[in-house]
Amino acid sequence: RPSAGALASPSRSSSSLLEPLGRSGAVCFHAGQRPRSAPGRGSGGAAAFTWPSPPARPGARHFGISYTAMRSATGKDLDLYEEVFQSAGVSEDQFLTLLRHGQRCRAGEGSVIVQAGQSFPKVALVISGRARAYRPPENPEHGFHDVVCEYVGKLDLSDVVGSTEPMIAPVRGCVIGGSALVDTELAGQEYPTQIIASTDIEWIEWSLEDLLSIIHAQKMKALQAAFYQLLYVELIDTLKRDRKVRESPRKVGGGHLPVAQPPTTKQLLSLSAFVAVPFFGFGVADNGIMIICGDLIDAQFGTVLGLSTMAAAGLGNWVSDTIGLGIGDAIERSAGRFGLSNGNLSPAQERMPSAKKVTLVAKIVGITLGCFAGMTPLLFLTPSKKEFANEDLEVFDEVFAQTGMTLSHFSDLIDKASRHHAHAGQVVVEGGKPLRKLILLLHGEACEVDPDGKTQTAYIGRMGAPPRSAAGDRQAGAPRSSLIGAKGFVDEAYVAKPFPNNVVASTHLEWMEWDLDELEELTESKVAIRGSFVSLLYTEVIAKVNADKAGQSSRQYRELLAAVTADGYIDDKERTLLLQHKKDLRITDEEHNEILADLGWSVEAWDRGTITSIPGHHHLEDASHEDLVKAAALLEQIARSMRAS
């Protein structure tokens, strides 16, 4: 809680709003004064009467209104700050600025706070005490007796809300003239009621023009929010208290009003139909328009603006609600033409729990059935957007997007495809039978094995790093591919021919496959799809060519190394020759060491330049004539290349 000294002596006073207004010449109205002439709003500038206060009760004391400039904060001001302004984020300096622009007013019971028939270009915030608003009588001499509402100080409102006593009039709150903050034209109009203090009362009032300039200032937005919040809360509370007043028992002729009879079953059924039918119409219109407009927005603007399906549905709901504002009255009028009624329930019967429950259930049933009926357009709409599974999008990103295929074509391709899995050792394609499918491996490895058990082709999935096969190695020199049955896709002559060998999964395998007839029909209308598959085949052919070149270099280096190390010795010249050839053929150290191991040489023996007696090593005398001829030819070729360089 801020201290009184903190509010009375702010640390920052640079703003011009901190300067006091220095008002003077305030007008006071006193209880019991006679009506006097004042400039009126009637035609011809005729004088209008201002209304007197009600007659004083015997023994009652009446005081005039006293005005005091706001130069420091009191204890009530601190309570007011905590009650209203602190929760809205108003700082102490802002609150003190507000106080300095106002005037503290005090009045006794019977004092006129606002004069009926005159303009009231001010806003008053009642701190404590009570005042009543009276409707002016037709004859000014008759005085004020018809109470319209009552104003209660903000610090006293909690006592009024918690009271169980019947209310004479609804409590309007603690702000007098607050409507002018929203509609400034009201400030220039005649005030409709006479507000008179019913107890000793204290309030703070501001000129409407000054208050608007304060709360609309750039650094005073918190004050604006505090006032608007106060007005909103008072509006809600006023409605509640007004209902409480209406429901309070009123005496007629010395007795209470007769108690209303509970509604009959027939009346409740009539009420349920009367309530449910309009809500059914609302549900049909709201859901139907939302679905139609949402689908149209999704189809026409979804791709262009990058809208998701939910975003399009939200925009469709906005259109539906906007249209619903216009057709709401039409729906209610149409429901009235069916001859429905609320069962002729009286207002008291409508407030009974049974009628409220029936009304609530009828609303729920009506809007529910209407929403279901409004979904009928879904039966006639064709999807304008394809929804992809995450695994399908991965296939597109890693395989087909690189070939230039569009999502639209990929959607058509996925519709024709089926996804399969196989475990290691399972036969994927049986040899000796025609293969009328095109298979694209996604994950894992497979191999085409001839009847002798030799791997003819190794198939590897195109997505991710391929795992090692169960055998632990791969057939050296075997061509690699991810498409099985590609020859039948390119040349129809291969479709009727039996597939030469079995294709067996080496690891867990995942693939997609297409029926060649369906794929051929699709590619006739979508040539870009055929182009994507041809692009995949082309990249695999290039990879095979590069692999063949690497294999030839490896074989050539192996033969050269075998010839040089055939005698079990290697000198510096031979080592230099081999290292140069290794570099030219792009042989890695791992391949070099593997070839040495195959020839019976260890890395240590290579570094030493001689090989010890190791079982299985190659001696010169063990070399065949054919090997020696090949080695001599290689050495001759290397010598010529060295002389040429």
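- For the pair Gln189 (side chain) and Leu186 (backbone), a donor-acceptor distance under 3.5 Å is absent.
- You'll find the side chain of Glu209 stays beyond 4.5 Å of the side chain of Ser213, heavy atoms only.
- Counting only distance, with no hydrogens or angles, the side chain of Trp206 and the backbone of Leu98 share a donor-acceptor pair below 3.5 Å.
- In terms of modelled atom types and a separation under 3.5 Å, the side chain of Ser119 and the main chain of Glu190 share no donor-acceptor contact.
- Paired with Lys266 under the rule side chain to side chain contact (heavy atoms under 4.5 Å, CB included), one option of Leu269, Thr264, Leu268 passes, and it is Thr264.
- Separating the CD1 atom in Ile176 from the OH atom in Tyr151 is a distance of 6.0 Å, to the nearest 0.5 Å.
- Judged by distance alone, with hydrogens and angles left aside, the side-chain atoms of Gln194 form a donor-acceptor pair with the main-chain N or O of Ala116 at under 3.5 Å.
- Among all heavy-atom pairs drawn from Pro136 and Pro192, the shortest one is CD-O, 3.2 Å.
- Aromatic ring centres of Phe85 and Phe227: separated by under 6.0 Å.
- Judged purely by atom type and a 3.5 angstrom limit, Thr368 uses its side chain to pair as donor or acceptor with the backbone of Ile364.
- With hydrogens and angles disregarded, a donor-acceptor distance shorter than 3.5 Å links the side chain of Thr359 to the backbone of Ala355.
- Rounded to the nearest 0.5 Å, atoms CG (Leu305) and CG (Leu315) are 9.0 Å apart.
- By the 4.5 Å heavy-atom criterion applied to side chains, Pro263 and Ser354 are counted as neighbours.
- A side-chain donor-acceptor contact under 3.5 Å links Ser198 to the backbone of Arg130.
- Between the side chain of Gln103 and the main chain of Ser207, no donor-acceptor pair closer than 3.5 Å is present.
- By the 4.5 Å heavy-atom criterion applied to side chains, Phe372 and Thr376 are not counted as neighbours.
- Atom-to-atom distance recorded for Glu150:CD and Ile195:CD1 is 11.5 Å, nearest 0.5 angstrom.
- For the atom pair OG of Ser111 and CD1 of Ile201, the computed distance is 9.5 Å after rounding to the nearest 0.5 Å.
- Of the possible polar contacts, none joining the Glu205 side chain to the Cys105 backbone as a donor-acceptor pair under 3.5 Å is found.
- A salt bridge is defined here as a Lys NZ or Arg NE, NH1 or NH2 lying under 4.0 Å from an Asp or Glu carboxylate O, and Glu202 with Arg104 meets this definition.
- Pairing each heavy atom of Ser320 with each of Ile289, the nearest pair is CA-CG2, 3.7 Å.
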Go through the steps for Asn344 and Gln267 under the test side chain to side chain donor-acceptor pair (under 3.5 Å), then give the verdict. CA-CA 7 Å; Asn344 296 322; Gln267 286 179 310; over 6 Å; no
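- Looking only at side-chain heavy atoms (C-beta outward), Leu125 and Cys174 come within less than 4.5 Å of each other.
- Glu92 places a side-chain heavy atom less than 4.5 Å from the side chain of Tyr81.
- At distances below 3.5 Å, at least one donor-acceptor pair connects side-chain atoms of Asn287 with backbone N or O atoms of Cys371.
- In this structure, Lys363 and Ile367 have side chains that are not in contact, with every pair of non-hydrogen atoms separated by 4.5 Å or more.
- Here the CG-OG1 distance, from Asn317 to Thr322, works out to 9.0 Å after rounding to the nearest 0.5 Å.
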Q) Hey, mind stepping through Asp156 and Ser128 against side chain to side chain donor-acceptor pair (under 3.5 Å) and telling me if it holds? A) CA-CA 6 Å; Asp156 300 334; Ser128 61; 5.0 Å; no
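- What you find for Val319 and Cys293 is that their closest heavy atoms are CG1-SG, 3.6 Å.
- Using a 4.5 Å heavy-atom threshold, the side chains of Gln94 and Ser91 count as touching.
- Here CZ of Arg132 is found 9.0 Å from OG1 of Thr199. Values are rounded to the nearest 0.5 Å.
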